[in-house]
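Have a look at the structure below before the remarks.
Numbering starts at 1 and runs along the sequence shown.
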Amino acid sequence: MIRVGIGEFKSAKAPAVISTLGLGSCVGICLWDEFTKVGGLAHIMLPDSNLSTTNNFNPGKFADTAIPLLIYDMEELGANRKRIIAKIAGGAQMFEIKSQMEMMKIGKRNVEAVRKALSQFNIKIVAEDVEGNFGRSIEFNCDTGLLTVKSVGRGIKII
């Protein structure tokens with residue numbers, strides 16, 4: 001089991017299983033090349049690296065910087081970006097916000113940023129378990145491409 005922390009991304013070959021815990025408003029992006037059985041997982045926290053207050057930021061924190069780097073890592077292991085598909089989970093609104101300001105809805109903004117970044121690479125999202133108001137932990141199987149989503153009080157879902 002390979003663990004991915006908040007703001008990190010890792011790639012691996014089958015039979016590896018890659019997991020991350022505690023997705024609230026964060027989004028877990030799982031990428032997979034079925035032919036080479038190379039998979040990757042990124043645990044992004046924020047939609048856009050322009051939100052960083054410094055030039056020396058962690059690229060794993062942001063959808064727009066983590067996804068290209070994860071694709072590059074997977075290509076180093078033999079994946080072909082033309083075959084890569086995606087599954088995503090997370091992007092919840094963990095706390096009720098009385099404001100109608102879209103800026104405050106970070107989970108939704110994260111999901112939208114992930115969709116945009118993946119579309120820029122022509123990577124199709126084949127399954128997703130996003131938004132809502134609950135946390136998730138995920139495990140991605142690089143052999144089967146199955147994503148297991150665990151949520152307290154909501155059970156286990158395999159997508």
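- F35 shares a hydrophobic cluster with no other residue; no ILVMFWY side chain has heavy atoms under 4.5 Å from its own.
- Inter-residue side-chain proximity for K108 and Q93 is flagged as unmet; no heavy-atom pair is nearer than 4.5 Å.
- Remark: D73 CG to I71 CD1 distance equals 10.5 Å, nearest 0.5 Å.
- Considering I18, T148, L41, V4 as possible partners of I138, the one that fulfils the side chain to side chain contact (heavy atoms under 4.5 Å, CB included) test is L41.
- D48 and N50 share a side-chain donor-acceptor pair at under 3.5 Å.
- Panel note: side chain S119, backbone K116; a donor-acceptor pair is recorded below 3.5 Å.
- Remark: C30 SG to L147 CG distance equals 4.5 Å, nearest 0.5 Å.
- Closest non-hydrogen pair, V114 versus V27, comes out as CG2-CG1, 3.9 Å.
- Salt bridge E8/K61: absent, no basic N to carboxylate O contact under 4.0 Å.
- Within a 6.0 Å radius of OH in Y72, no more than 12 heavy atoms belonging to other residues, nucleotides or ligands are found.
- Residue V130 is not grouped with residue I159 when hydrophobic side chains (ILVMFWY) are merged at heavy-atom distances under 4.5 angstrom, including chains of intermediate members.
- D33 places no side-chain N or O within 3.5 Å of a backbone atom of I84 that could act as its donor or acceptor partner.
- By the criterion of side-chain heavy atoms lying less than 4.5 angstrom apart, applied directly or through intervening Ile, Leu, Val, Met, Phe, Trp or Tyr residues, I44 is not grouped with F140; the two fall into different hydrophobic clusters.
- Between L23 atom CG and K150 atom NZ the span is 13.0 Å, to the nearest 0.5 Å.
- The main-chain N or O of P59 is found under 3.5 Å from a side-chain atom of T65 such that the two form a donor-acceptor pair.
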Report task. Start with the C-alpha distance between T36 and N80, add both sets of side-chain angles, then the distance that settles side-chain contact (heavy atoms from CB on, under 4.5 Å), and finish with yes or no. Result -> CA-CA 8 Å; T36 59; N80 182 327; over 6 Å; no
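- Side-chain contact between H43 and F9 is absent, with no heavy-atom pair separated by less than 4.5 Å.
- Residue E34 qualifies as open at atom CD: its count of foreign heavy atoms under 6.0 Å is 12 or below.
- Proximity of a side-chain donor or acceptor of R115 to a complementary backbone N or O of I125 within less than 3.5 Å is not detected.
- In this structure, the separation between CD1 on I67 and CD1 on I123 is 8.0 Å, given to the nearest 0.5 Å.
- W32 places no side-chain N or O within 3.5 Å of a backbone atom of G40 that could act as its donor or acceptor partner.
- Residues F57 and S49 meet the side-chain proximity criterion, which asks for heavy atoms closer than 4.5 Å.
- To the nearest 0.5 angstrom, D129 atom CG is 3.5 Å from K157 atom NZ.
- Here S11 contributes atom OG and L69 contributes atom CG; the two are 11.0 Å apart, rounded to the nearest 0.5 Å.
- Put simply, the side chain of N133 never gets that close to the backbone of A92: no donor and acceptor are under 3.5 Å apart.
- Checking S19 against R3 by side-chain atom types alone, a donor-acceptor pair falls below 3.5 Å.
- Checked for salt-bridge contact, E75 and R81 meet the test: a charged N lies under 4.0 Å from a carboxylate O.
- When atom types are taken as modelled, the side chain of K37 and the backbone of D143 share a donor-acceptor pair closer than 3.5 angstrom.
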